[in-house]
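Worksheet for the structure shown next.
Residue numbers start from 1 in every chain, and the chains themselves are labelled A, B, ... in the order their sequence lines are given, proteins ahead of strands.
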2 protein chains.
Amino acid sequence: MPATQREVARRAKTSLKTVSRVINNDPLVNAETRARIEAIIAEVGYEPHQAARMMRSQKSNIIGFLADGVATYPSSIDLVRGAQDVAWERGKQMMLFNIERGRPSSAMADSQLAAFRAEAIIYAATFHQQVDIEPTSVPHILLNCFDGGGRHPSILPDDYQLARDITRIIFERGYRRPVFLNLNTDIVASHLRGKGFIEGAAAAGLDASARVHIAVKSAAGAPTEFGTRRILADLFSGGDRPDLVLCGQDIMAMNVYFELAELGLKVGKDVAVASFDNLDPIAGLLQPGLSTMELPYYEMGRAAMNLAIDGATHNQVLRLKGKFIERSSL
Amino acid sequence: MPATQREVARRAKTSLKTVSRVINNDPLVNAETRARIEAIIAEVGYEPHQAARMMRSQKSNIIGFLADGVATYPSSIDLVRGAQDVAWERGKQMMLFNIERGRPSSAMADSQLAAFRAEAIIYAATFHQQVDIEPTSVPHILLNCFDGGGRHPSILPDDYQLARDITRIIFERGYRRPVFLNLNTDIVASHLRGKGFIEGAAAAGLDASARVHIAVKSAAGAPTEFGTRRILADLFSGGDRPDLVLCGQDIMAMNVYFELAELGLKVGKDVAVASFDNLDPIAGLLQPGLSTMELPYYEMGRAAMNLAIDGATHNQVLRLKGKFIERSSL
DNA sequence: TAGCAATTGTCTCACGTTGTCATAAGGCGA
DNA sequence: TCGCCTTATGACAACGTGAGACAATTGCTA
């Protein structure tokens, strides 16, 4: 059984309250008394009992983090890391759950967080999407997703800007016939990136509106299935062959590598490839290494936790920029 | 402010004690009274205050889960899921942390678990390895790793058996010239799988002791770098060309796909490939799909949590078998 | 009518911590 | 010496829950 303040007080031959003062850094303690008590704390390995603190202070210092569907998409780890780091920096406890929305795991996590009187809940999705979260008495922060009714504050990647940035880089490097194999239209990022790509190309003097193709067959949530084979075959059979394929995500890029090889084309030599995600370890292991726009997941996680702790004043939407990761495919 | 038992009692016009009886399933309550009180509990959304329960009952019902280095290797998600499922099934709370051993995150997680009076701690590694965990007053269960001094119970994949199983399948399907591109020798699984492969081949009448090659350059922990290029070039330049390449892990298999293509060899036609991990989503996205031995992570997670809850009687080591996942590379 | 079982209520305590208030000791100016 | 301030320490209560001891009430049976 771990030691209590009472036990420390008994050994230090002092009162309970003085021990409490030492632990809470109350300046009203004599330096010698403090040293003596601290020595005993170290000796018996005393750790404050979190539950008792929660009782007494009537606040839990707990922020819940619901990671929806991590299993199917590993990038959300950085969302978790960012949030966890901020929680520790700011003296909060983060309670993390991997859930699947609508499944029992979700209900269990909710009730556990309620039982612990969590002060806020961060709900993180694995890709930029709309969700429908009913407001409750505990504030929710939506991470990598947003509420249709705008009922919750939200942290998102700036997908439009990501696409504009990489498109700018593409043209700066002299590519003139890029195509964009985009994600499914029911994925929010798809619209935004398509817009970023087209407007980025327009800024470089190219009308790229016919150079965007939807290359994901499956709906969101289902196992990913790509429609790249036919699209690439068409694109590379005509006269105006693309000099670059921009992919909607790194795993699509992986698929594209294989399909291009099938067509006898060598990535980085016959055609360039770029993408979005910087998915570990795929992006680095492809040959040649995949140049890709990294999504700002770590910073998004940090921002969400800060918002959860400080409380959002209104249901703001925060969009964060990404970073270009250079390898040799572009 | 969430409701308390007192508030429920007030609304139900009954006593605190009766509400307490309902919540703790005391049979000495009239069925109608119980129904009435349960209705009010649902109405006000009462959830027992976990901190108060911990205080009163002097037990936390909390099991800590330290996931070391998830960021670098996503397969451990299933370890987490297995443990989480069992925790919920058995009425325990699991506190999950992504840590990096030796880094501040590790110390923070430890002290948070101490503050919550965790009853046991599961320490999970991302690959089968030896670790050195000092015994403390709270019992540790090692998951996917083991203690050098045998001071903790341990749950491991049965790497020897995994290799034997896939080797048996390989010979059953008629392959006669397999090579095994193994992991680094400082990875424990490497020895066990090498042994499983050689003994499996021996059972089929082949001396495979010269058919195992170490194909990972980097040490454990560092970014993965493979030495497959030279090895494959050598193997496929001679007369006795392998008909199958067994890889130590799926990401190595991915690398091997590229290197074989480089040599002008088509996986599934000119040469078969098999591997270990069933790493999502890589194994399914490679073309052709990668046939691989799935590691029993989910079941290992479950076993670890059961052991954490029940308490280990001795520092046993439990080894779990894997499952062959058939795709078309073999 | 007494006695019994079933049901509900009252009261009290304890868990570990910390805020409020009280107390004690020492210094200092009037 | 007294009053007052500062510094240091202590006594006590309360947070929400659960449990024990026991009383009170009701309805039923012998």
| task | Report the C-alpha distance between W88(B) and Q93(B) in whole Å, list the side-chain angles of each, state the deciding distance to 0.1 Å, and finish with yes or no for side chain to side chain donor-acceptor pair (under 3.5 Å). | result | CA-CA 7 Å; W88(B) 278 332; Q93(B) 332 271 358; 5.5 Å; no
| said: So, does S20(B) get its side chain near the phosphate of dT17(D), meaning an N or O under 4.0 Å from OP1 or OP2? | reply: no
| request: Rounded off to whole Å, could you give me the NE2-to-P distance for the H49(B) and dC15(D) pair? | output: 12 Å
| query | Ignoring hydrogens and angles, does a donor from either the side chain of K17(B) or the base of dG18(D) sit under 3.5 Å from an acceptor on the other? | reply | no
| request: Mind running side chain to side chain donor-acceptor pair (under 3.5 Å) on N61(B) and R53(B) for me, showing each step along the way? | output: CA-CA 10 Å; N61(B) 271 334; R53(B) 287 190 149 173; over 6 Å; no
| query | Would you find more than 12 non-hydrogen atoms of other residues, nucleotides or ligands less than 6.0 Å from R90(B) atom CZ? | reply | yes
| query | Could you give the CZ-to-P distance, from R6(A) to dA11(D), as a whole number of Å? | reply | 11 Å
| request: Could you check how far CG of L28(A) sits from C1' of dT23(C), rounded to whole Å? | output: 14 Å
| query | Does E134(B) pair with R151(B) as a salt bridge, N-O distance under 4.0 Å? | reply | yes
| said: I need the CD-C1' distance between Q5(B) and dG9(C), as an integer number of Å. | reply: 15 Å
| task | Please state whether the phosphate of dG19(C), meaning OP1 or OP2, lies under 4.0 angstrom from any side-chain nitrogen or oxygen of R56(A). | result | no
| query | If you find the nucleotide of DNA chain C closest to E47(A) and the one closest to R21(A), which residue's nucleotide is nearer the 5' end? | reply | E47(A)
| said: Quick check on dG18(D): is either OP1 or OP2 less than 4.0 Å from any side-chain nitrogen or oxygen of R53(B)? | reply: yes
| request: Just compare dT18(C), dT17(D), dG16(D) and give me whichever is closest to any side-chain atom of Y46(B). | output: dT17(D)
| Between S57(B) and T14(B), which is nearer to the 5' end of DNA chain C once each is assigned its nearest nucleotide? | T14(B)
| said: Nearest whole Å is fine: how far is dT17(D) P from D26(B) CG? | reply: 17 Å
| said: Does this structure show an ion pair linking R11(A) with E7(A), if we count only N-O contacts that are shorter than 4.0 Å? | reply: yes
| Nearest-Å distance, CZ (F116(A)) to C1' (dG16(D))? | 14 Å
| task | Indicate, with a heavy-atom threshold strictly under 4.0 Å, whether L16(A) touches base, sugar-phosphate, or nothing. | result | base
| query | If only side-chain N and O atoms of T33(A) are considered, is one of them under 4.0 Å from the OP1 or OP2 phosphate oxygen of dT9(D)? | reply | yes
| query | Which part of the nucleic acid, if any, lies within reach of T4(B) when heavy atoms closer than 4.0 Å are counted: base, sugar-phosphate only, or nothing? | reply | sugar-phosphate
| message | Heavy atoms from C-beta onward define the side chain here; which of dC15(D), dT17(D), dA8(D) lies closest to that of N30(A)? | response | dA8(D)
| query | Just how far, in rounded Å, is P of dT17(D) from CD of E7(B)? | reply | 11 Å
| said: So Q58(A), base contact, sugar-phosphate only, or nothing? Heavy-atom distance under 4.0 Å. | reply: sugar-phosphate
| query | Taking only N and O in the side chain of S15(A), is any of them less than 4.0 Å away from OP1 or OP2 of dT9(D)? | reply | no
| message | Looking at E89(A) and R302(A), is there a salt bridge between them, counting it only when a charged N and a carboxylate O are closer than 4.0 Å? | response | yes
| When the distance from NZ of K59(B) to P of dG18(D) is rounded to whole Å, what number comes out? | 13 Å
| message | Closest approach to the side chain of N24(A), judged atom by atom: which nucleotide of dG16(C), dT18(C), dT9(D) is it? | response | dT18(C)
